[in-house]
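What follows is a single structure, written as structure tokens, with notes after it.
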There are 2 protein chains.
Amino acid sequence: MAQNSTSTSHDYEEKLQGLLDVAATIFADKGYHHASIRDLSRKAGVSLSGLYYYFSSKEELLYMIQERSLRRIVDSLRDKLEDLDNPEEKLRALVHNHVSFYVSNMAAMRVITQEYDALEGEYRTKIRERRLEYSNLCTEILREVRRFTGGGDVVPLNVATFALFGMMNWIYAWYRPGSNVPTERLAEHLYRLFAGGFTGARRR
Amino acid sequence: MAQNSTSTSHDYEEKLQGLLDVAATIFADKGYHHASIRDLSRKAGVSLSGLYYYFSSKEELLYMIQERSLRRIVDSLRDKLEDLDNPEEKLRALVHNHVSFYVSNMAAMRVITQEYDALEGEYRTKIRERRLEYSNLCTEILREVRRFTGGGDVVPLNVATFALFGMMNWIYAWYRPGSNVPTERLAEHLYRLFAGGFTGARRR
DNA sequence: CGGGTTAGGTCGAACGCTCGATCGGTGAAC
DNA sequence: GTTCACCGATCGAGCGTTCGACCTAACCCG
């Protein structure tokens with residue numbers, strides 16, 4: 001039987017995370033359904049059956065990849081928000097946090113973006129809750145920004161939230177780290193594009 | 001042998017398009033790799049082998065779905081642009097065209113957005129060319145807008161292009177037609193969010 | 001008009017392959 | 001001697017694709 005999280009040793013945790021990282025790149029490359037456990041077995045240098053010591057099904061593997069990354073990105077955001085009061089700075093922190101995490105964990109973030117539908121039942125429910133927690137956090141920041149800047153009420157907050165995530169999550173489709181646009185500047189571009197439209201939009 | 005496009009009868013073309021529509025909803029639901037030709041056979045009421053009269057492989061099926069929709073959306077955009085001179089109105093037309101087509105062809109557009117990587121070889125090359133044609137069209141309009149409004153040069157045109165497509169293509173993840181935000185208004189929201197940030201962004 | 005040939009459209013059965021998962025076993029560590 | 005970490009062999013299911021056969025409507029030639 002695989003260990004539960006309370007009795008997890010250091011070595012076990014490290015190897016599991018290594019497997020999750022390799023699996024994330026394979027899922028990101030070929031898509032969850034097209035990728036096979038045998039691919040992971042080969043790339044990780046572990047026998048097919050040996051893998052099942054670390055997870056109990058392919059779907060649990062997908063779940064763990066998504067759960068861990070979502071937790072890390074939200075934790076990291078909450079951490080940065082603690083030092084900030086200005087709503088526009090909070091929004092800026094959100095964009096920079098998301099983009100920088102996205103670029104340095106491109107495989108896992110792509111899996112989160114593209115393979116949510118591959119989850120079923122309780123796995124799906126739990127990931128949906130984590131996603132909701134994140135997007136609610138974003139919506140609340142946008143609400144503060146609107147109150148702070150006295151902006152119009154043209155664009156509904158949920159539409160603005162999804163537009164922002166759309167901009168940021170589309171990164172995988174075109175951006176390559178090491179391009180002539182450094183990650184830091186990419187984040188600032190996206191922040192200004194969005195914030196300019198969000199705080200500037202007025203009825204005609 | 002399946003007919004070629006020049007000798008295509010009316011009935012043949014109609015039935016093929018019907019199969020493509022059903023296939024698009026299945027691919028959108030389950031993902032290309034997870035969906036099976038047998039699923040299509042059941043939903044379309046055609047025998048498994050009978051399907052191969054209309055296409056020669058699962059991948060060609062995916063290709064035809066993407067190719068036809070991309071062609072239609074670009075043709076429709078070019079048509080609308082003909083009557084316009086004002087760059088901001090052109091940008092507005094692009095957003096409205098994309099969003100309205102996206103919403104009324106959600107399944108096919110989702111396949112285009114998510115299953116590009118599933119194509120290989122020549123199929124992939126041809127779809128890449130069509131995508132490039134579309135995004136170049138968008139970039140050129142943004143260049144005109146920038147010249148017209150005398151906006152700053154803060155955000156590179158390609159970054160702005162991808163940000164805009166990201167906003168629009170994320171629709172599948174949250175928007176449901178018949179929600180309390182009508183499609184027309186959704187398009188206008190996205191246009192104002194983007195245009196406000198794009199024409200308004202200045203160096204600090 | 002009538003018999004024979006062709007072409008369009010469809011089908012059931014089957015082939016060869018890959019997949020996720022299981023099971024009994026093995027050896028080292030404590 | 002129990003627990004941890006891992007493995008080879010195998011199972012049953014589902015996959016994309018092919019093949020030969022079938023039916024029907026249209027067409028040609030006497």
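Per chain, numbering begins at 1; letters A, B, ... match sequence-line order. Just so you know, these numbers come straight off a predicted model, no measurement behind them.
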The nucleotide from dT17(D), dG9(C), dC7(D) with an atom nearest the side chain of Lys58(B) is dT17(D)

Between OH of Tyr53(A) and C1' of dG20(C) the distance, given in whole Å, is 21 Å

Check whether any side-chain N or O of Tyr54(A) sits under 4.0 Å from OP1 or OP2 of dC6(D), and answer yes or no. yes

Within the pair Ser49(B) and dC11(C), is there a side-chain N or O less than 4.0 Å away from OP1 or OP2? no

Assess whether one donor atom and one acceptor atom, taken from the side chain of Arg38(B) and the base of dG16(D), lie less than 3.5 Å apart. yes

Measure CG/Leu40(B) against C1'/dT17(D) and give the value in whole Å, please. 14 Å

Quick one: on DNA chain C, does Leu51(B) or Ser36(A) contact a more 5' nucleotide (nearest heavy atom)? Leu51(B)

For Glu60(A) and dG20(C), give me the distance from atom CD to atom C1', rounded to whole Å. 14 Å

Could you point out which residue of Trp174(A), Tyr172(A), Tyr175(A) forms a ring-ring contact (aromatic ring centres under 6.0 Å, His included) with Phe162(B)? Trp174(A)

Please check the phosphate of dC11(C) (OP1 and OP2 only) for any side-chain N or O of Tyr52(B) closer than 4.0 Å. no

Leu19(B) CG - dT10(C) C1' separation (whole Å): 12 Å

Which is true for Leu48(B) with a 4.0 Å heavy-atom rule: it touches a base, it touches only sugar-phosphate, or it touches nothing? base

Side chains of Phe165(A) and Met167(B): closer than 4.5 Å at any heavy-atom pair? no

How many Å lie between NZ on Lys30(B) and P on dG14(D), as a whole number? 11 Å

To the nearest Å, give me how far apart CG (Asp11(B)) and P (dG9(C)) are. 8 Å

Is the distance from the ring center of His33(B) to that of His34(A) below 6.0 Å? yes

Tell me: CG of Leu16(A) to C1' of dC4(D), nearest whole Å? 15 Å

Across the strands shown, which category fits Ser47(A) at heavy-atom distances under 4.0 angstrom: base, sugar-phosphate, nothing? base

Ring centroid separation for His189(B) and Phe194(B), is it under 6.0 angstrom? no

Less than 4.0 angstrom between a side-chain N/O of Lys15(B) and OP1 or OP2 of dG9(C), yes or no? no

Do Asp117(B) and Asp29(A) come close enough that some side-chain heavy atom pair is under 4.5 Å? no

His33(A) has an atom NE2; how far is it from atom P of dG16(D), in whole Å? 13 Å

